[in-house]
Amino acid sequence: MYYDNNTFSSKVNLLQSSTTSTKLVDSQADSLNGHWSGLLEELISYGLSSGADLVEIFIENTDQVSLLAEQDQITNVSPSFGKGAGIRVFHGLLDGFVSTNDLSPSGLKNALDQALGMLGLNSTKSSLTKFQGLKSLKDFSKNKQNWINICPDLDEACQRILEGTNLLDFHGTHLQARRGSYSRSWQEVLIAASDGTFGRDIRLHQSIGLNALAAHGEHRSSIGRRYGSSAKPSDLREWDAEKSAKEVCDSAGKMLYADYVEAGQMPVVLANKFGGVIFHEACGHLLETTQIERGTSPFSDKIGEQIAHSSVTAVDEGLSDGAFGSLSMDDEGMEPEKTVLIKNGYLQRFLSDRAGELRTGHKRTGSGRRQSHTFAAASRMRNTYIQAGTFKPEELIESIDNGLYCKSMGGGSVGPTGQFNFSVEEGYLIENGKTTKPLKGATLIGEAKDVMPRISMCANDLDLAAGFCGSVSGNINVTVGQPHIKVDSITVGGR
Amino acid sequence: MVDSNKQNYKKLNPQYIQEILSKLTKEQNIIKWDIGASSSIDQSVQVDNGIAKQMKAAQRSSITLRVWNEKGLVGITSTSDISEFGLKKAISGAKNASLYGNPNDIPDFSKLAKKSIDSQEYPIKQHKKIQNLLNILIEAESELMSKHEAIQSVPYNGLGESFYERLYINSDNASRYMNRNQSSIYLYARAQENGRKPRSSGAVRLALASEDLDIKGCVEESSSKTISHLDYQQIETNKYLVCFSPEAFLDLILAFSSIFNARSIIDGVSLSKPDSIGKLISVPFFNLYDDALHPGNISSTPFDGEGTPTKRLCLIKDGVIENFLHSEATARKFNVDPTGHAGIGSKVSVGPDWLHICKSANNSIQSSNLSHKVYNNNFIIIEGLNALHAGVKPSQGSFSLPFDGWLINNGEKKSIEAATVAGDIRQLLKNIVNVEDQEFITHQGVSPHIWVDDLSITGEA
């Protein structure tokens with residue numbers, strides 16, 4: 001196929017001049033369907049004939065709404081919608097990426113020309129290519145067309161979230177501020193690449209948050225919980241507001257009069273669900289090929305070697321039904337898989353995307369993800385968790401004479417040398433095998449390669465929790481998870 | 001103005017937007033509306049050991065449209081689709097959202113949205129060819145790696161240029177517009193010596209154009225910081241006298257900026273209360289300003305999201321809270337003027353611009369002999385704080401943060417292997433023992449080194 005430059009129609013941004021045509025945006029731009037194949041093939045063919053090794057085009061339409069309730073009032077409703085494309089061109093080991101909001105043929109061609117130009121490629125060097133065209137559209141969106149209509153409308157969503165803040169009031173004491181939030185993100189994507197990839201999908205993510213700030217004299221505590229799902233239009237309807245509010249109020253009440261933790265080195269038990277953030281931050285990021293490429297992972301040459309305690313088997317997958325990090329295809333058009341990262345302490349695989357495979361040789365795992373069209377995809381986690389062990393959760397606590405039980409974790413991060421840190425939102429002192437007084441102000445710090453071998457016990461209560469992960473390709477929805485685990489020794493920062 | 005022979009970066013046309021929105025809102029019986037819009041054209045490069053790692057470019061635009069319905073309630077919608085179709089859809093979305101507007105907190109136009117602004121004109125420069133950016137960054141990377149044999153890579157690096165424009169327009173004929181170039185470079189090196197842990201540090205520089213970037217300074221700072229961390233040791237968990245670098249102290253104050261945020265105060269999630277103005281919050285020789293228009297702030301904007309002019313505002317004077325940051329709605333509640341710190345929304349966010357910390361001339365300091373250049377007796381220098389998003393509890397006042405820094409003892413300077421600093425911001429502000437004289441401009445604001453006594457430090461054993 002050969003592409004002629006003149007077949008792109010020019011289209012001027014309507015905001016540039018009042019004399020511009022008032023014609024509405026092409027109807028084509030409003031629905032990402034198979035009608036795009038001709039234009040996409042022309043663009044890809046043009047890119048290849050200019051000397052590119054691979055051309056990938058990602059197009060999205062988005063429709064989002066978020067709302068906030070404070071005390072007993074809806075205080076913010078923020079709808080938003082958008083569209084855009086990200087075009088990536090590979091040449092050898094290099095790539096150029098350009099994003100644009102202009103989905104007109106000329107807008108897309110300009111973006112492609114810019115990406116080609118970055119790599120020193122242009123149409124004057126062109127020759128006829130052997131591009132065979134796109135494969136038939138792999139349409140994962142067939143049963144998802146009606147999702148946006150099944151989701152609760154604003155009336156229903158507002159009522160549900162107000163129910164949450166009302167229940168906080170009912171169950172809580174000394175609450176100075178109550179907040180409930182809801183966000184619904186609908187995204188339609190179309191992905192085409194010169195290797196024939198041609199996929200379409202609709203993604204639906206919803207998240208619900210409840211937060212309480214308790215204050216009594218000089219004592220303060222703030223507790224938040226977030227719940228999230230993918231591909232479940234009725235999730236907000238099915239949300240157990242009563243249970244969530246009780247949990248938040250119970251924690252806020254206990255933490256209100258908590259003492260500050262005494263800093264030091266000690267054994268800790270990390271609770272299940274969001275406790276899994278420790279594995280996500282401390283180890284998971286170091287198993288992404290983006291880190292391997294940079295040479296910043298201590299595990300880059302450790303495939304087949306023991307990097308964790310033999311009790312640890314860890315998995316990353318995009319398949320769990322309704323989980324926040326699940327997907328039908330990744331942002332490079334590949335179907336996700338279950339990737340066993342660590343088995344009985346031995347490193348098995350890295351998470352890889354298209355660029356990661358090209359530059360490190362590790363095969364793609366359906367992990368190419370991005371926040372939006374403005375980011376190039378990168379290898380990122382999906383649903384990541386340590387698998388269940390055989391112990392009962394209480395057996396972990398009973399095995400410790402003096403330590404810390406981290407019932408709820410705050411956020412965390414990992415630095416460029418692999419050092420991680422996590423704040424503990426809700427902690428308890430462990431004394432003689434029992435949890436006793438609540439403790440606040442704790443931060444767990446360490447390095448993955450030191451801590452992973454110290455995870456000596458895994459309980460039998462694996463559970464997952466939704467979260468957001470920020471990294472090179474933006475903020476994405478993920479799930480973290482684990483059973484209760486015991487770390488034999490870790491540094492606890494405090495006062 | 002943009003040279004007509006060169007690429008015209010301007011995407012936003014205030015006059016046209018005003019005209020078309022007037023027409024479209026009229027069609028939907030909307031009388032009162034305002035809009036905030038932005039557009040940018042960016043390009044950036046990253047390198048890896050002398051070759052390009054990634055080259056990126058982006059054209060972005062976005063608008064947030066706000067409408068008042070017949071009951072006076074406010075709704076908004078945001079979109080990246082700035083076609084006429086997009087604007088129509090946004091008006092419709094905002095109208096629907098206004099049905100859920102909060103009757104107890106209705107924003108209005110800022111009474112200062114039409115006040116004249118003496119804004120500085122900045123020349124708009126053309127972007128370099130991306131290959132030129134690449135060559136500049138490759139050279140900087142090479143120079144940094146040649147500084148010390150232990151520097152093996154510069155895993156986090158980037159050089160970028162952007163052109164951006166912003167506007168605010170309302171149906172009462174307020175119209176604000178600004179545009180600007182900006183360029184940045186960051187270089188974070190990783191160094192490792194035999195048998196020792198890898199160490200990393202870096203530097204950032206901003207300028208209006210890439211040719212104005214202090215690249216040499218960035219390389220020097222990145223290399224000297226990284227090299228200074230090669231010789232590291234663990235430290236004992238204890239309470240220490242601490243000297244915060246300007247960057248670190250500004251980071252900490254920004255993380256607790258809800259203390260001065262009228263929105264947070266009204267919402268009950270700030271450590272301050274409406275009557276905190278006039279109350280002592282820190283030692284009396286400490287002053288804090290928010291100064292969006294400071295000449296060191298190359299990202300300065302002459303107006304906020306509601307069109308209010310930005311300005312220098314005193315937050316703490318001689319240790320006493322002097323002012324809060326306001327939007328139009330919070331200012332009305334406090335019976336003061338908006339201060340130029342608003343976003344745009346149905347519930348308008350408020351935030352600081354550019355902080356300026358300095359010593360008060362009115363009060364003497366007991367420990368004014370403390371200087372990070374001279375003092376050498378058992379103290380810690382905190383160079384940079386990490387993980388502020390996770391380790392700060394703004395509504396509680398507590399923080400527990402990993403940091404990079406050095407222990408100075410008997411004149412010897414040793415990098416600290418890994419440690420966290422923890423405390424309460426209210427106590428910290430009252431435990432300041434010196435505010436040094438020399439101020440440094442950083443990319444977050446201006447501050448001298450600040451000394452704080454009796455801070456809890458946890459070392460890694």
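Hydrogens, waters and symmetry mates play no part in the numbers below; they use all other heavy atoms, side chains included. Protein chains get the first letters and strands the later ones, always in sequence-line order, with residue 1 at the start of each.
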Is the backbone N or O of [Y] less than 3.5 Å from a side-chain atom of [X], with the two atoms forming a donor-acceptor pair by type?
| X | Y | value |
| --- | --- | --- |
| A:S99 | B:A58 | no |
| A:Q176 | B:V269 | no |
| B:S400 | A:A442 | no |
| B:S346 | A:N76 | no |

Which atom pair, heavy atoms only, marks the closest approach of [X] to [Y]?
| X | Y | value |
| --- | --- | --- |
| B:A57 | A:Q114 | CB-NE2, 3.2 Å |
| B:Q59 | A:D102 | OE1-N, 3.7 Å |
| B:Y100 | A:C158 | CD2-SG, 3.7 Å |
| A:M118 | B:Q131 | O-NE2, 2.8 Å |
| A:N421 | B:A387 | OD1-CB, 3.0 Å |
| A:A263 | B:T458 | CB-OG1, 3.0 Å |

Find the one option among [options] whose heavy-atom pairs under 4.5 Å with chain A are most numerous.
| options | answer |
| --- | --- |
| B:S395, B:A52, B:G268 | B:S395 |
| B:S80, B:A422, B:A97 | B:S80 |
| B:L455, B:N49, B:D424 | B:D424 |
| B:G75, B:G391, B:A90, B:A94 | B:A90 |

Which atoms of [X] approach chain A - backbone, side chain, both or neither, heavy atom under 4.5 Å:
| X | answer |
| --- | --- |
| B:D267 | both |
| B:A37 | neither |
| B:K53 | both |
| B:E236 | neither |
| B:I130 | side chain |
| B:K56 | both |
| B:R426 | side chain |

Going from [atom1] on [X] to [atom2] on [Y], what distance comes out if it is rounded to the nearest 0.5 angstrom?
| X | Y | atom1 | atom2 | value |
| --- | --- | --- | --- | --- |
| B:K11 | A:N101 | NZ | CG | 10.5 Å |
| A:L154 | B:L99 | CG | CG | 9.0 Å |
| A:T491 | B:Q234 | OG1 | CD | 8.0 Å |
| A:I74 | B:K347 | CD1 | NZ | 11.5 Å |
| A:L94 | B:I51 | CG | CD1 | 6.0 Å |
| B:S456 | A:Y260 | OG | OH | 10.5 Å |

Chain B interface, residue from [options] that has the most non-hydrogen pairs under 4.5 Å:
| options | value |
| --- | --- |
| A:S221, A:A215, A:G117, A:A376 | A:S221 |
| A:A177, A:P79, A:S423 | A:P79 |
| A:S78, A:G295, A:A111, A:G494 | A:G494 |
| A:S489, A:G410, A:A355, A:S222 | A:S222 |
| A:L213, A:D95, A:N110 | A:D95 |

Tell me, for [X] versus chain B, whether the close heavy atoms (under 4.5 Å) come from the side chain, the backbone, both or neither.
| X | answer |
| --- | --- |
| A:D155 | both |
| A:V424 | neither |
| A:E293 | both |

Tell me whether the count of non-hydrogen atoms from other residues, nucleotides or ligands lying under 6.0 Å of [atom1] in [X] goes above 12.
| X | atom1 | result |
| --- | --- | --- |
| B:E27 | CD | yes |
| B:Q152 | CD | yes |
| A:E156 | CD | yes |

Next on the checklist: Please determine whether side chain to side chain donor-acceptor pair (under 3.5 Å) holds for the pair A:Q73 and B:N104, giving the CA-CA distance in whole Å, both sets of side-chain angles, and the decisive distance to 0.1 Å.
Outcome noted: CA-CA 9 Å; A:Q73 180 73 48; B:N104 302 322; 3.2 Å; yes
Item to check | Full working for side-chain contact (heavy atoms from CB on, under 4.5 Å) between A:R294 and B:R190 | outcome: CA-CA 10 Å; A:R294 283 202 169 96; B:R190 178 184 161 102; over 6 Å; no
